[in-house]
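Have a look at the structure below, then the notes.
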Amino acid sequence: MRISLRRDHPVPLYLQIKAAIREKILSGELPPYYRLPPDRHLAGDLGVNRSTVVNAYRELKAEGLVESHVGRGTTVCAMEYAEDEAWRHSIMPLHWERYLRLGEGERGREITRFFRSVRQEREVIDFSTCYVPEFFENPRLHAYMGTSFFSEMRQEYYAHPCVEGLRSLREAVSEYQKSRGIHAGYDEILITSGSQQAIDMMAKTFVGPGDMVVVEDPTYVIARQTFAAQGARILGIPVEGEGMRLDILEGVLKRYAPKLIYTVPTFHNPTGSCMSRGSRRRLLDLAYRYQVPVLEDDPFYDLRFEGDPVLPLKAMDHMEHVIYVSSLAKSVAPGLRIGWICAPHAIMDRLIHAKKISDLATSGVVQKMMDLLLRGGVYRELLEHMRSKLRIRRDLLVQCLQDSGSDLLELTPPQGGFDLWCSFSGEVHATKLLHRVAEKGVLFTPGEYFTLENRMLSCARFSFSGPREEDIPKGVGILLQALRRYSRDCAFHPRKEREETRPIV
Ligand SMILES: Cc1ncc(COP(=O)(O)O)c(C=O)c1O
């Protein structure tokens, strides 16, 4: 067998022999059942030790390319596939299930489909979307973008930007974050395609199969699914009043060694709750004590329209335990897909690598647009407008619900963000109620969708960002009418007492 070896090469001789034989097998030069020369002979021919050839054959065996039998020596393995053209007559459709990776069954797919079909069928008053559509109607934005955007656009923004993001935007974010009490240099900031990509990069960098990740329960579902997609075991900490139950968190940290705590402390999605300063300190202490990194997801910080701001965990963290993720998706527009991650130097290289293999970089054109918005002060003006809109809508929604429905539901008005969380009284099942009101053109998101184990069946999230002011009273009217009727039906058909279960022994 002709094999040429390079003795001056850093690759060991046994691997060179293995690679040469492997190539001959795969190219068909050595057919199935071909008998390789006995190791002693090949070693003699090549002028190497016998153990070098033995090791090369062992590697080939490990790859399933050859097999050895006493008396028959080492032969090339047979292939599964016929060499003739017979396969052409029996081509089968791909059986996809065989190829798909095992993963979390995608909960939520049903409700997404349901929303889509309702929206296609009729005009809806939509309390399920998280987005202020009027952002785009703002004349100030149009005027600014018309003058500055195109004159600032240079060829370089259309080329591949650096993976970390445009330096000017990273500097602008670094400067902007100071208003949130976060003092981090531009080199601790990485621009991402929305905060969702930042969460995904974190999951891919930190979480592997079987690792534990702590999340609030309920939580932003797609973050939970992102960790689950890496094979994580998810531990949910109940959210009550002003954030996650820290006593339960401590119990979890004591017993398990989670890889990450994921939290949305400011205007939590879906409950709208905001963790107090004291609780944030306590959460940080727990992270320090039990040595767990915290992923703080903060897309709503700029959308406070009432009360005093509470600084992010990142601003209070003096031990570099917090990785901070934020975005302009909620405060400007989700379609722009611009977010960022602010992380300690120690993990920056790993995150940059995760970003590179995910999408190389975020669009340079959109980054420049955001850079102009942040620097020119227009962002702050847009925010003012956005906050006042949100406040008006929140007030209207809360007032309409309380005026006519205080006997049917409980709510705590949030001081910012998009979300109002409601608990219905009695036996009301929010998903069933959704089906009733959807027929009449109103959508909201049932609470169970956000929970780990389909809990909170009689809770719901109402996002007040989407519907226009004139539609809110009408939407609430439809909702309350359906809710009243549903509550009456529940009272007529009280839930059957569950029969006792006796084990069969
Ligand atoms: C809490 C939270 N984090 C992250 C995201 C994703 O935001 P982005 O559009 O910036 O990817 C959302 C979107 O709804 C969210 O609610």
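Computed from a predicted structure; not experimentally measured. First listed ligand is number 1; within each ligand, the first listed atom is number 1. Just the heavy atoms: all of them, side chains too, but no hydrogens, waters or symmetry mates, feed the values below.
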N/O donor to acceptor pairs below 3.5 angstrom from side-chain atoms of residues 400-411, sequence neighbours left out:
from: Asp407; atom 1: OD1; to: Arg484; atom 2: NH2; distance (Å): 3.4
from: Asp407; atom 1: OD2; to: Arg484; atom 2: NH1; distance (Å): 3.0

Inset, instruction - Could you tell me whether Asp187 and Arg170 make a salt bridge, using a distance below 4.0 angstrom between a side-chain N and a carboxylate O? - result: no
Identify all side-chain donor-acceptor contacts of residues 159-167 below 3.5 Å with residues at least two apart in sequence or on another chain.
from: Arg167; atom 1: NE; to: Glu171; atom 2: OE2; distance (Å): 2.9
from: Arg167; atom 1: NH1; to: Tyr186; atom 2: OH; distance (Å): 3.2
from: Arg167; atom 1: NH2; to: Glu171; atom 2: OE2; distance (Å): 3.4

Legend entry - Within 6.0 Å of CZ in Arg391, more than 12 heavy atoms from elsewhere: yes
Please tabulate, line by line, the atom pairs linking an N/O of ligand 1 to a protein N/O at a distance below 3.5 Å, with the distance in Å to 0.1, or answer 'none'.
from: ligand 1; atom 1: 3 (N); to: Asp297; atom 2: OD1; distance (Å): 3.4
from: ligand 1; atom 1: 3 (N); to: Asp297; atom 2: OD2; distance (Å): 2.5
from: ligand 1; atom 1: 7 (O); to: Ser195; atom 2: OG; distance (Å): 3.2
from: ligand 1; atom 1: 9 (O); to: Arg337; atom 2: NH1; distance (Å): 2.8
from: ligand 1; atom 1: 10 (O); to: Ser195; atom 2: N; distance (Å): 2.8
from: ligand 1; atom 1: 10 (O); to: Ser195; atom 2: OG; distance (Å): 3.0
from: ligand 1; atom 1: 10 (O); to: Ser327; atom 2: OG; distance (Å): 2.7
from: ligand 1; atom 1: 11 (O); to: Ser195; atom 2: N; distance (Å): 3.1
from: ligand 1; atom 1: 11 (O); to: Gln196; atom 2: N; distance (Å): 2.9
from: ligand 1; atom 1: 11 (O); to: Arg337; atom 2: NH2; distance (Å): 2.9
from: ligand 1; atom 1: 14 (O); to: Lys330; atom 2: NZ; distance (Å): 2.5
from: ligand 1; atom 1: 16 (O); to: Asn269; atom 2: ND2; distance (Å): 2.8

Inset, instruction - Only counting residues at least two apart or in another chain, list the ones meeting salt bridge (Lys or Arg N to Asp or Glu O under 4.0 Å) with Asp247. - result: Arg245
Inset, instruction - Using the ring of Tyr486 (Phe, Tyr or Trp, six-membered ring only), decide whether Arg436 places NZ or CZ under 6.0 Å from its centre and within 45 degrees of its axis. - result: yes
